[in-house]
Amino acid sequence: MGYEYILVEKKESVGLITLNRPKALNALCAGLIDDLGRALDDMEADDDIGAVVLTGSEKAFAAGADIKEMSEKDFMDVYLQDFITKGWERITTCRKPIIAAVAGYALGGGCEVAMMCDFIIAGENAKFGQPEITIGTIPGSGGTQRLTRFVGKSKAMEMCLTGRLMDAEEAERSGLVSRIVPNDELLSDALKTAQQIAGLSRPIVLMAKECVNRSYETTLSEGVRYERRVFHSTFATEDQKEGMAAFAEKRQPKWKNR
Ligand code: CAA
């Protein structure tokens, strides 16, 4: 089955998903979220793909959940459908790394989707925000929680209470994005970074991602203990042997993904 609202490509070992609903600034309608989930399922199942890049257009990564689609819903609709969580969380369950390459607006659900990815590389014109308060609602897909963890209470509270947008420089300064690149280099930079990750040992990459994510879910002492056990597990892999042998022999490792 094809896709209506996204473009899907394979660039060497990287899966590239481009949100493609330009007339609505990539507003995240149910069909788009369904497309995104199916693309991630396919990429997760594809052994040739080691990392994913999720991007939008130069004007908008995504301007939020589709306001027109949700405006007619009532409490029972959203409660019974578990509206907005359902489907969106597929991003957070993807085991392969996902890089968000964000140019333009990443607002509301767009900011939430970017934050569900493993890290964000921002184009110079990127703008982040949770403006739901200005349309009579609040973030519904983790914005109040993830933004607060990224940028701290004061900035997150101000943004959620006023709808103020954050530009790329402020987002980098606050830890929301890993770095800023010129807009015309955004995609090539994100693909290069994803390719670099995809070229490493697959199981070790998955383990590293799992450990960093664990830090959001547990106490420091439990997280450190968890990390140590996973670190120990790397010694059961062929790739740990190969990686360390290659270092000692001054050559590039040949990963077996075992
Ligand atoms: N949902 C549906 N349609 C949207 C949309 C959205 N979130 N954002 C933009 N669009 C549509 C506009 O309605 C417009 O369509 P028409 O041409 O048919 O009127 C088209 O995209 C272009 O938008 P604008 O004309 O508004 O473009 P602009 O450059 O003047 O403004 C903008 C850009 C500042 C991003 C503005 O579009 C805007 O404020 N969008 C809404 C942002 C927002 O409030 N997002 C939060 C949504 S709620 C949410 O996400 C809940 C959650 O937590 C999951």
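A quick note: this is a predicted structure, and the numbers were derived from the prediction, not measured. Basis for what follows: all heavy atoms, side chains included, without hydrogens, waters or symmetry-related copies. Whatever order the structure lists ligands and atoms in, that order sets their numbers, starting from 1.
Note that K73 lies in the cation-pi zone of F83, set by a 6.0 Å cut-off to the ring centre and a 45° limit from the axis.
With a 4.0 Å cut-off on non-hydrogen atoms, I135 touches ligand 1 through its side chain and not its backbone. By the criterion of a heavy-atom distance under 4.0 Å, the backbone of K23, and not its side chain, is placed next to ligand 1. When non-hydrogen atoms are compared, ligand 1 lies under 4.0 Å from the backbone of A65 as well as from its side chain. Residue E69 does not touch ligand 1, judged by heavy-atom distances below 4.0 Å. When non-hydrogen atoms are compared, ligand 1 lies under 4.0 Å from the backbone of D66 as well as from its side chain.
Residue contact check: P139 has heavy atoms under 4.0 Å from atoms 53 (O) of ligand 1.
Considering backbone and side-chain atoms alike, Q130 places every N or O at 3.5 Å or more from each N or O of ligand 1. The distance criterion of under 3.5 Å between nitrogen or oxygen atoms is met by E112 with respect to ligand 1. When only interatomic distances are considered, the shortest N/O to N/O separation between T134 and ligand 1 does not fall below 3.5 Å. At a 3.5 angstrom cut-off on N or O pairs, E132 counts as close to ligand 1.
Ligand 1 does not have G143 within reach: every non-hydrogen atom of the residue lies 4.0 Å or more from it.
Cluster membership check: F119 does not share its hydrophobic cluster with L206, using side-chain heavy-atom separations under 4.5 Å among Ile, Leu, Val, Met, Phe, Trp and Tyr.
Of the possible polar contacts, none joining the T218 side chain to the S215 backbone as a donor-acceptor pair under 3.5 Å is found.
At a threshold of 4.0 Å, the pair K254-E238 does not count as salt-bridged, since none of the basic side-chain nitrogens sits closer than that to a carboxylate oxygen.
Looking at atom 8 (N) of ligand 1, its nearest protein heavy atom turns out to be A63 CB, 3.4 Å.
Counting heavy atoms of neighbouring residues, nucleotides and ligands inside a 6.0 Å radius, atom OH of Y216 exceeds 12 of them.
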